[in-house]
Amino acid sequence: MEENSQNELLAVRRQKLEALRAAGIDPFGQAYETTGAPGQIRAAFAEGQKVRTAGRITAHRNMGKSHFIDLSDSSGRMQVYLNAKEVGAETMAVFDHLDIGDFIGVEGETFVTKTGEPSIKATSFTVLSKSLRPLPDKWHGVQDTEIKYRQRYLDLISNPESMEVFQKRIAIVREIRRFLEDRGFIEVETPMMQAVPGGAAAAPFKTHHNALGVDLYLRIAPELYLKRLLVGGFSKIFELNRNFRNEGISRRHNPEFTMLEAYWACADFEKMAELVEEMVCHVAQTVCGTLQIEHKDAEGNVLRTINLTRPWRRTDYADLIKGIVPDWYERTPEQRRAWCIENHIDVTHCQEDFEVTQHVFEKLVEEKTMNPLFVTRCPKELVPLAKQNAANQSVVDVYELVINGQEISPGYSELNDPDIQRERLEHQSGGETQKLDEDFLTTLEYGMPPAGGIGIGIDRLVMMLTGVESIRDVILFPHMRPRAGT
RNA sequence: GGGUUGGUAGCUCAAUGGUAGAGCAGCGCCCUUUUAAGGCGUUGGUUGAGGGUUCGAGUCCCUCCCAACCCA
């Protein structure tokens with residue numbers, strides 16, 4: 001396939017490459033000083049300015065003796081006008097060897113065309129990089145999901161809406177950092193390779209350190225190390241980085257994903273809920289400019305609007321369950337299972353009674369909750385690292401924040417009693433349990449201040465704020481099965 | 001892991017079991033303010049891979065690969 005059809009398109013570009021070289025022009029040029037990126041010049045446009053800019057040629061409109069080209073990069077697009085009479089025949093001969101996809105630098109003066117388009121009238125241009133392969137369709141861009149994910153650069157070049165989502169993601173992460181730092185939290189870095197993969201219940205990736213001769217695991221959560229820092233005297237810390245879980249890939253799961261965890265000494269889960277509420281609203285207001293987040297389908301119809309207006313609803317876990325089945329907690333475990341079967345909720349995979357209840361919660365509360373909801377005081381079995389409630393030892397002082405039908409953020413009053421922590425970790429039950437990190441338990445014995453802690457799944461937060469349905473659309477390079485030859 | 005849908009030109013998409021097409025891109029020509037520029041002409045295919053059924057397969061059957069969606 002590469003031999004025939006593709007090669008004809010490639011051959012033409014290779015010929016132009018050689019033609020440039022024959023004309024004494026380096027097709028892969030040097031540094032080029034600019035007065036601004038294409039999108040910046042367009043955004044701050046003023047007529048009659050001498051400017052220099054650089055970018056990729058993404059469109060070419062040939063009028064005979066004059067040409068219009070679009071130069072683009074992540075900043076946006078700027079039109080360049082090239083007139084044979086003004087730049088001369090020699091320069092136009094060089095221009096004939098350029099293609100859509102090439103990078104050039106342009107020098108000229110700004111003006112507005114008679115159709116009102118801000119433009120640069122080029123006096124000269126410089127070849128910065130020859131593109132040897134054709135770009136995707138200029139109008140439809142890349143539609144093939146496989147190409148979008150495997151060759152993200154093509155998606156970014158040709159699909160402005162994809163570029164916009166990633167720009168928003170970058171802004172969201174930046175605003176979260178700014179928000180936390182403004183409130184006195186400092187960002188720390190803890191190990192991504194851990195001897196005991198703790199802090200969550202998940203299958204880890206295993207690796208090996210040759211010099212030490214030990215197996216290590218990519219972290220599934222930073223929690224236990226951040227708590228070691230609370231013991232060490234830090235009182236307001238956060239880490240915003242990657243976690244790794246060796247589990248299935250789906251619309252909502254990528255093997256590596258970005259997590260924010262923050263800890264605040266002498267705070268509790270209620271104070272953390274306040275913090276998260278403020279933070280998400282700050283980010284939405286700053287990045288999206290609104291607290292009403294519209295999710296649209298491919299045709300642009302609004303599917304739903306998520307209303308982030310404060311205050312956010314807070315309801316106890318048990319009350320939410322009772323809202324579905326009022327006498328749920330008066331029933332026996334067998335009766336609860338029977339109710340699930342009657343109501344077509346598959347709980348065959350649930351080993352323990354609390355898992356049955358949790359499954360009902362996930363299907364009938366979580367998945368149906370679009371606007372923010374803090375689910376408070378969850379069953380203690382679900383959260384072995386949180387403090388038990390003083391009045392009701394069967395629940396823990398936590399919230400689970402649900403937005404957009406997904407768990408976006410948990411927040412705890414952190415368990416700081418080393419003996420209870422040991423017991424809770426040793427007596428976990430159900431399908432998923434956490435590893436026992438002896439070194440962490442020893443650390444707790446030195447004394448950890450009471451603290452509030454939160455986690456926020458950044459990918460899911462970005463999905464919620466940008467209205468995309470798949471985690472792959474908010475991760476630049478989502479994991480795919482490797483393909484031979486690529 | 002199970003189910004559904006899909007894979008055709010560089011890209012976006014067509015094609016009752018009966019000669020594989022269009023638009024864009026490319027190439028050639030015309031055009032000095034266009035913007036999915038326009039007009040005329042033109043190149044380009046092992047239809048994801050491999051088997052099978054048939055006079056004849058992009059299309060039907062089987063196996064495999066890749067992807068998306070749903071379920072677990």
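Just so we're on the same page: letters track the sequence lines, and every chain starts at 1.
Of the candidate nucleotides rA72(B), rC69(B), rU35(B), rU35(B) has the atom lying nearest to any side-chain atom of Arg77(A). Closest to the Arg251(A) side chain, of the nucleotides rU33(B), rC69(B), rU12(B), is rC69(B). For Glu8(A), whose side chain is taken as the heavy atoms from C-beta onward, the closest listed nucleotide among rU33(B), rA72(B), rG44(B) is rG44(B). Considering only the side chain of Met63(A), rU33(B) comes nearest among rU33(B), rA68(B), rC27(B). Of the candidates rU35(B), rC11(B), rG10(B), the closest approach to any side-chain atom of Pro136(A) belongs to rC11(B). The side chain of Asn83(A) approaches rU32(B) more closely than any other nucleotide in the set rU32(B), rU33(B), rC31(B). Distance from the side chain of Leu9(A) is smallest for rG10(B) among the nucleotides rU12(B), rG10(B), rU34(B). Taking the side chain of Lys16(A) as heavy atoms from C-beta on, and the options rU12(B), rC27(B), rA68(B), the nearest nucleotide is rC27(B).
An OP1 or OP2 oxygen of rA37(B) is reached within less than 4.0 angstrom by a side-chain nitrogen or oxygen of Arg61(A). Considering only side-chain N and O atoms, Arg150(A) lies under 4.0 angstrom from the phosphate OP1 or OP2 of rA67(B). OP1 or OP2 of rC66(B) sits under 4.0 Å from a side-chain N or O of Arg481(A). Phosphate contact (OP1/OP2 of rC69(B), side-chain N/O of Arg472(A), threshold under 4.0 Å): present. For the OP1/OP2 pair of rC11(B) and a distance below 4.0 Å, the side-chain nitrogens and oxygens of Lys148(A) include no atom meeting the criterion.
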So Tyr81(A) and Phe111(A), ring pair (Phe, Tyr, Trp, His ring centres under 6.0 Å) or not? Walk me through it. CA-CA 9 Å; Tyr81(A) 175 71; Phe111(A) 76 109; 5.7 Å; yes
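Contacts of Thr115(A) with the nucleic acid, taken as non-hydrogen atoms under 4.0 Å apart, include base atoms. Asp70(A) comes within contact range of no nucleotide atom at all, as no heavy-atom separation falls under 4.0 Å. Across all strands shown, Gln143(A) has heavy atoms under 4.0 Å from sugar-phosphate atoms exclusively, and none from any base. Among the atoms of the strands shown, base atoms are found under 4.0 Å from some heavy atom of Phe111(A). Within the 4.0 angstrom heavy-atom criterion, no nucleotide atom of any strand lies near Gly248(A). When heavy atoms are screened at a 4.0 angstrom cut-off, Lys138(A) is found touching the sugar-phosphate backbone but no base atom.
When Watson-Crick and G-U wobble pairs are counted only if both distances are under 3.5 Å, rA36(B) pairs with no nucleotide at all. Pair assignment for rA57(B) gives none, since no Watson-Crick or G-U wobble pairing has each distance under 3.5 Å. Remark: rU12(B) base-pairs with rA22(B). Criterion, Watson-Crick or G-U wobble with two distances under 3.5 Å. Summarising the base pairing, rG6(B) is matched to rC66(B) through a Watson-Crick or G-U wobble pair whose two defining distances lie under 3.5 Å. Pairing partner, rC27(B): rG41(B), with both Watson-Crick or wobble hydrogen-bond distances short of 3.5 Å. For rU47(B), there is no paired nucleotide, since no Watson-Crick or G-U wobble pair has both relevant distances below 3.5 Å.
Taking the six-membered ring for Trp, His60(A) and Phe68(A) have ring centres at least 6.0 Å apart.
No hydrogens or angles considered: a donor-acceptor pair under 3.5 Å links the side chains of Asp473(A) and Tyr149(A).
The only member of Ile104(A), Thr126(A), Leu20(A), Val87(A) that meets side-chain contact (heavy atoms from CB on, under 4.5 Å) when paired with Val94(A) is Leu20(A).
Environment of NZ in Lys16(A): crowded, with over 12 heavy atoms of neighbouring residues, nucleotides or ligands closer than 6.0 Å.
The closest side-chain heavy-atom distance from Leu385(A) to Leu415(A) is not below 4.5 Å.
Distance noted for atom C1' between rC11(B) and rG1(B): 35 Å (whole Å).
A donor N or O paired with an acceptor N or O is found under 3.5 Å between the base of rU34(B) and the side-chain atoms of Thr113(A).
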